[in-house]
Structure formats: C-alpha cells, structure tokens
Amino acid sequence: MSNSTATKTAITPRRDEDFPEWYQQVIRAAELAEPSDVRGCMVIRPWGYGIWENMQRQLDGMFRATGHRNAYFPLFIPLSYFAKEAEHVEGFAKECAVVTHTRLEVDENGRMKPASPLTEPLVVRPTSETIIGASYAKWVQSYRDLPILINQWANVVRWEMRPRLFLRTTEFLWQEGHTVHETETEARAETRLILDLYERFVRDHLAVPVFTGAKSESEKFPGAVETLTLEAMVQDRKAIQAGTSHFLGQNFARASGIQFQNREGKQEFGWTTSWGMTTRLVGTLVMMHGDDDGLVLPPRIAPTQIVILPIAPKEQARAAVLEACDKVAERLGKTRYVGVPIEVLVDRRDLGGGVKNWEWIKKGVPLRIEIGPRDLEKNSVELSRRDQPVKSKDSMPMEEFVARAPEILTSIQDALYARAKKFRDANTRVINSKKDFYDFFTPKNPAKPEIHGGFALARWNGSREIEDQIKNDLKVTIRAIPLDDSSEQGQCIFSGEASARRVIWAKSY
RNA sequence: CGGGCUGUGGCUCAGCUUGGUAGAGCGCCUGGUUCGGGACCAGGAGGCCGUGGGUUCAAAUCCCACCAGCCCGACCA
C-alpha cells in the first residue's frame, strides 16, 4: 500500500499486462484519435494529425529531393480499369467498397434509398495503380517521356474485417508513389532508392530501426514482381511493416497500355514501380516508443517539442513567471533544431497540480520545462525528458538551457533509437533447429499468452508449403528475405533441404 | 463471413435471476481553499437503460427480431 502511488502508471493496463489494450488506452490518453460511429473508421485528432503532418512534410521533402512531384488522381476507379490486372483484382476483391448508385430517393416508407444505378460501378480506390496507369498510358509515347516520377497524398479504402486504430482502419491516409521507367534496371533501382529513402526516414525521423528485404511470393503485393519491405519490431516483439516499395515489372503497363517507342524505334511496355507509407506509422510509433505512462514521441516528429509549464503558487508571482516563460518560449522559437524552428508551447491553462504535467507526459512531449518563483531567483529552469523516468527532473541555468535545447532534443532522439534497436536486437535470434523455432514462438501460457517470440533468423528452402505450415501452426510468417547476398549455403530447418539463405520470421500486425 | 460475449449519463460499470418507470466512481460546470508531482471541500448539470415489436395494470429487468461493438478464426498497409 505504501508504495502504491510510487508505482502508479498513467496508463492502465501496463504493457506487460495487456499490450493491445494498453495500445488503445495510449491512443485515447494522448488524444491521437478515437473510433468514429462509422464502422472501421477513425477520427484523427489534432495531436495525431500533427504527427502525420510532420511525417508528410518530411517525406515530401525527401521525395522532392529525389525528383518526384505530387499530383492527384480520382478517388473512384471504374470497375473495368480495376479488373485489368488479374492478380491485382484477386488480391483486393474481398475488401473493395463499390459505388453503385448516384442519388437518394425517398421510398414509400419515407426512408432514403439509393436510386439511379450506375451502368459501370466505381471502386473506391484501395490503391491507385490502375487509375494512374490509365493516365500514364496517355502521357507516355516515347522513351523521352520517361521516367515519370509522381507521388500522391490521398485517402484509400480497404474494407477490413477487424479494424484497429491506425493499424488497420477501413479508410486510411497514405502516400503512394507511382513511377514509369524505360528499363527494368532503372525501375528496380527506383524500388531500391525508395526503400533506402524510407529506411532513412524511419531511422532518422521516427527513431525506428528496421530490417529490410523482399517479401515472399505469398506476402507480396498483388500484381507485383517483387515487393520490398521495411519491418520493425514493436514492444510486444511482433513485426510491423513500416512501408513497402514494389517493382511491378511490366504487369501493370501491359494491363493499362503504358507503351512507348524505345531507342530502337520499337513499341515497348514501360517498367513501373509503386511505393507507400501510411498513417499506420503513427500506430507504429505508439508501440515502438510508448511506455506505461503513455506516448513517447521522438523530437523530430513531435507536434510540440518543448512544453513550458509555469509554476505560480502565489498570485503575486504569476505575472513574473508567465513573462519569464514567454521569454524562454520566444527564444526557443527562434532556435533551429534539424533545420526548422523548435515547436514550443507555454501551457498557461488554469489547471491545478500535476494534472497539466501528466497530460503532456501522456501525449509524449519530448521535453517539459517548469519555471517557477524559485527558478526566477536562480535564473534557472527545471527540465524533464520524456525518455527518462517521469519523476526525474534536472535543474539547469536558463541561458544554458536555451543554448543547449537542440542538443538535448538530439540526445532524446538518439536515445529512443538506441533503446529501440537494443530491444530489437535482444529479441532477434539465429535459430538452427525446428524445435528451437517452435519453442521460440510458443507462449508458456497459451490461455493468456505472455509477450514472447521476436524475430527468428532461420534457413528456409523457399517453398510455399513450409510457409503455410508454419503460419498454420504458429501464426508466424516470413517478414523479409534479406537482400544482402551473403549466401552461405545451408539446410532448411524445417525440411532439411538445401537453403540459400536465412530469412526473417515473426508474428506480425 | 463463421463461433463466443456484450450493449444502462462523456468514460468504466452496478441494477436484470426474484418486473413497481435509475445508481456509483471517474469526468464535466459553479464557488472557495490549493498549485514545485495525477489536490481538497461544498453545491450542480447530465440518461425516453442499443432499436423495433411482444407479454403485463406495470419492462432497464421476461420473450422475439434486428442493429452495433468486443474477442477468437479466415484477410490485410
């Protein structure tokens, strides 16, 4: 009893008690998003949307720097377009929202009902390869028109059976890049370029370490020749896909008629790619860095990086304290951190006690500053880093703090990455026998599985049957086939057959 | 779409078995004391009990249907 307050966490349950429930509670407590009345759809609140806007701004800059430009294509895709690529339709058929009518009429019971059926139904885009392909087919005549390097920021709809906030919602936001190239080599290079760009983005901005690689045949994008992926490990040791980059070969060019006259004067199909990152990354951040007191945001992605909390116990002191807070805020706002002005907020709301402080803890603000009468006397500030225990607090001369703020933010950013990487590496195993593999992925308490498993690096013979078997037995799948060609021959741990390489296995989101 | 569970103020839930037209905690509002670690006291607002039908003098409570949500499976960024 005596230490019950000492061990109290802001989020109930704790991660080790019930991870999925913890995840939902963090999203609620941090005011990132909430479920809406529309099944499977969510309302993204300002704090959550602010994170997404930062991702957009940062990624967009990277796309531009590599020669890509933004455009916008229709939300509705004629069914006939969509159906052009066989594997593609098959892959998405079960989760398409379809618009069949163009207006509402009042029926005999006074209820609204759809009327005026469309001759050709429209699919609400689950992805835009086919509708964009239709435009590209018109734009591409000659090899001189290539490459086409376009990105679109959009919403898409995939009618999922089991939605979860950010991780899997019926409607979600993303960017989708769609490019056309003259040669296979160029298109493959583009796929790799984007994979590397994504990896840099999640590492440097989100403090998320990933393994990259190719998807197996069964896991790749419907219609793609090759799907490259970034796989992160979150704190329940499951894998989450942080982004994908697809080499589409000539499949979609053939389906959409993207043809050009090549340097030899012959008609040839273009080589296309597509790649995307989604609002799922917000959920990834929660599960990657969050703790039992709520969200923990890497400084580079936080909508507010520093919050200043005025402490004014006595009425007489208030004006002076607020003035000091504003002054610090103003100076910080003129200070640059990774090239942009620091986002500071003075929380002057009239809320008592630690309530305010806890609110910002739960929201994951990287740095909290307290300024009170005692600080005014000493000309100092109290600072708390979100990457450190919530109760720890340091005092620092005001001048020094203002000067060192960017450096402190950098140090938080680095600490989060280091912690995440350490966690992943500690839960990544080289596994050399089927028994060890099954042990690794089997919880000790099957009735209420504890957090277990992780990433297993194990040899595989390349067969679909083995994949299906493992998925069936353990719900474990191949997350990535590493690209680095350090091919030491060995034996598949499941079949004993020849195996060219180790692949990464895990349970996944 | 199959199996299980659940729908009662903003949130979490009690009440239902043994019908008699609503309660708690948290949150919210007002006033005061507080404020350097989730404060306290006093007062107050807010619910046609998921929807429709049935049984009954009377339904949150019993019966039927529907709808929605959660968990498990199949699918997925």
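Note on naming: letters A, B, ... go to the chains in the order of the sequence lines (proteins, then strands), and numbering restarts at 1 for each one.
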Please tabulate, one pair per line, each protein N/O and nucleotide N/O from nucleotides 72-75 of chain B that are separated by under 3.5 Å, including the distance.
| residue | atom | partner | partner atom | Å |
| --- | --- | --- | --- | --- |
| B/C72 | OP2 | A/Arg162 | NH2 | 2.2 |
| B/G73 | OP1 | A/Lys475 | NZ | 2.9 |

Both distances under 3.5 Å, Watson-Crick or G-U wobble: report the partner of [N], or none.
N     : value
B/A65 : B/U51
B/A58 : none
B/G2  : B/C72
B/G31 : B/C41
B/A14 : none

Which label fits A/Phe494 and A/Trp505: parallel for a plane angle under 30°, tilted from 30 to 60°, or perpendicular past 60°?
perpendicular
For A/Trp275 and A/Phe63, take the angle between the two ring planes, folded into 0 to 90°, and tell me which bin it lands in: parallel under 30, tilted 30 to 60, perpendicular over 60.
tilted
Considering only the [atom1] atoms, how many Å lie between [N] and [M], rounded to the nearest integer?
N     : M     : atom1 : value
B/A60 : B/A14 : C1'   : 12 Å
B/G44 : B/G4  : P     : 48 Å
B/G15 : B/G25 : C1'   : 15 Å
B/A68 : B/G50 : C1'   : 7 Å
B/G53 : B/G69 : P     : 23 Å
B/C16 : B/U30 : P     : 37 Å
B/C48 : B/G9  : P     : 9 Å
B/U18 : B/G3  : P     : 29 Å

Expressed as a whole number of angstroms, how long is the span from [X]:[atom1] to [N]:[atom2]?
X        : N     : atom1 : atom2 : result
A/Arg164 : B/A77 : CZ    : P     : 16 Å
A/Asp350 : B/C28 : CG    : P     : 13 Å
A/Glu231 : B/A77 : CD    : C1'   : 11 Å
A/Asp375 : B/G36 : CG    : P     : 13 Å
A/Arg318 : B/C35 : CZ    : C1'   : 8 Å
A/Gln25  : B/C26 : CD    : C1'   : 13 Å
A/Lys393 : B/G36 : NZ    : P     : 9 Å
A/Lys378 : B/G36 : NZ    : C1'   : 10 Å

Scan [X] against the nucleic acid and name what it touches under 4.0 Å (heavy atoms): base, sugar-phosphate only, or nothing.
X        : value
A/Val156 : nothing
A/Pro35  : nothing
A/Ser508 : nothing
A/Gly276 : nothing
A/Gln241 : sugar-phosphate
A/Leu309 : nothing
A/Ile240 : nothing
A/Ala242 : nothing
A/Glu382 : base

Rounded distance [0.5 Å steps], OH in A/Tyr136 versus OG in A/Ser256
11.0 Å
Determine whether a donor-acceptor pair (N or O, by modelled atom type, separation under 3.5 Å) exists between the side chain of [X] and the backbone of [Y].
X        : Y        : result
A/Ser245 : A/Thr191 : yes
A/Asn427 : A/Phe423 : yes
A/Gln235 : A/Met288 : yes
A/Ser128 : A/Ile131 : no

In terms of heavy-atom contacts, does CD of A/Glu323 have more than 12 from other residues, nucleotides or ligands at under 6.0 Å?
no
Could you write out each protein N or O paired with an N or O of nucleotides 9-14 of chain B at a distance under 3.5 Å?
none

Which nucleotide, B/G38, B/C76, B/G36, lies nearest any side-chain atom of A/Trp358?
B/G38
Would you mind telling me which of B/A77, B/G36, B/G38 lies closest to the side-chain atoms of A/Glu370?
B/G36
Under 5.5 Å between ring centres and under 30° between planes: does that hold for A/Trp174 against the base of B/A77?
no
Tell me whether A/Arg424 forms a cation-pi arrangement with A/Phe211, defined as NZ or CZ under 6.0 Å from the six-membered ring centre and within 45 degrees of its axis.
yes
Could you check whether A/Tyr23 and A/Phe19 have their ring centres less than 6.0 Å apart?
no
Salt bridge flag under 4.0 Å for residues A/Arg374 and A/Glu382
no
If you measure from the Lys or Arg side-chain nitrogens to the Asp or Glu carboxylate oxygens, is any gap between A/Arg385 and A/Asp394 under 4.0 Å?
no
Under 4.5 Å between any side-chain heavy atoms of A/Met55 and A/Leu285, yes or no?
yes
Side-chain contact test, heavy atoms from C-beta onward, threshold under 4.5 Å: evaluate it for A/Tyr509 versus A/Thr284 and give yes or no.
no
List the steps, then state whether side chain to side chain contact (heavy atoms under 4.5 Å, CB included) holds for A/Val43 with A/Tyr49.
CA-CA 9 Å; A/Val43 174; A/Tyr49 200 74; over 6 Å; no
Pick the nucleotide of RNA chain B nearest each of A/Ile11 and A/Arg158; which residue has the one closer to the 5' end?
A/Ile11
First encountered from the 5' end of RNA chain B, between A/Ile371 and A/Lys220:
A/Ile371
Give me, pair by pair, the N or O atoms of the protein and of nucleotides 29-31 of chain B that are less than 3.5 Å apart, along with how far apart they are.
none

